[in-house]
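First up is the structure itself, then whatever we jot down about it.
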Amino acid sequence: DALAKLLASAGDAEALRACAGHFARWGDVARAREEYGKLGDHVGLLDVFVQCEQWDDAFAICRAKPAREDRVYLPYAAWLADRDRFDEARGAYQRAGKAELSRRMLEQLTRNAVLERRFRDAGYCYWLLADEIASGLKGKKRDSLSAAERDDLARFEEHKDRAEMYY
């Protein structure tokens, strides 16, 4: 009898999960939220909020369940970048643990600024690139740097010089 109840509740959970998934695909956030709430499925609910770009609700879940931040910050960063909010996008990429995406975006912005002859913007972008490299080298002594860190130091100096030239 207990096994039958367990199987029935597992079947109910699967049915609720399927309903929630369908509601989410159809854009009915209220019903998807209700079904995921019944299941206690924070991940499913978080995915619905991300899919519907309801960032405030997604971040509210992240505050309650910080281990889920990676599911929100990466799509949020892309959303910000699509809306030309690049400084905020850089921060979101950093928060998502995707510093390389932040750097690549910044390098592309720098290239675009140079090609479009927006030299003040290019100078600012080079300064941001130099600053990112400097933060990685902070507190390290020149004579104890590894080969990769020496390369970073050379890139820092190049970006700093370019920032000054373009500005």
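- Between the side chain of E88 and the backbone N or O of L80 there is no donor-acceptor pair closer than 3.5 Å.
- If you take CZ on R85 and CG on D82, they are separated by 11.5 Å, rounding to the nearest 0.5 Å.
- A81 approaches A89 most closely through the heavy-atom pair N-CB, 3.8 Å.
- If you chain together hydrophobic residues whose side chains sit under 4.5 Å apart, M165 and W127 never meet in one group.
- Applying the side-chain contact (heavy atoms from CB on, under 4.5 Å) rule to R155 yields the partners R103, I133, D152, H159; only residues at least two apart in sequence or on another chain are considered.
- Under the 4.5 Å side-chain contact rule for hydrophobic residues, I61 and V29 share a cluster.
- With sequence neighbours left out, the side-chain contact (heavy atoms from CB on, under 4.5 Å) criterion links Y166 to V114, F119, A122, Y126, R162.
- A distance of 14.5 Å separates CG in L129 from NZ in K160, rounded to the nearest 0.5 Å.
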Q: Start with the C-alpha distance between E132 and Q94, add both sets of side-chain angles, then the distance that settles side chain to side chain contact (heavy atoms under 4.5 Å, CB included), and finish with yes or no.
A: CA-CA 11 Å; E132 275 191 13; Q94 297 285 343; 3.8 Å; yes
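- Between the side chain of R90 and the backbone N or O of S102, no donor-acceptor pair lies under 3.5 Å.
- Closest approach of L74 and A96 over heavy atoms only: N-CB, 3.7 Å.
- Put simply, CG on L153 and CD on E158 are 12.0 Å apart, with the number rounded to the nearest 0.5 Å.
- A distance of 8.5 Å separates NZ in K138 from CG in D131, rounded to the nearest 0.5 Å.
- Qualifying ring pair (Phe, Tyr, Trp, His ring centres under 6.0 Å) partners for Y76, counting only residues two or more places apart in sequence or in other chains: W55, F59, W79.
- Note that CG of D121 and CG of N112 are 10.5 Å apart. Values are rounded to the nearest 0.5 Å.
- With sequence neighbours excluded, the residues that form a side-chain contact (heavy atoms from CB on, under 4.5 Å) with R120 are Y167.
- A search for side-chain contact (heavy atoms from CB on, under 4.5 Å) contacts involving E69 returns C62, Y73, R95, not counting sequence neighbours.
- Atom-to-atom distance recorded for Y124:OH and L109:CG is 10.5 Å, nearest 0.5 angstrom.
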Review item, side-chain donor-acceptor pairs of residues 35-49, under 3.5 Å, at least two apart:
residue : atom : partner : partner atom : Å
D41     : OD1  : V43     : N            : 3.2
D41     : OD1  : G44     : N            : 2.8
D41     : OD2  : R17     : NH1          : 2.8
D47     : OD1  : R71     : NE           : 3.1
D47     : OD1  : R71     : NH2          : 3.0
D47     : OD2  : R71     : NH2          : 2.7

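- Minimum interatomic distance between A20 and A32 (heavy atoms only, all atoms of both residues): O-CB, 3.7 Å.
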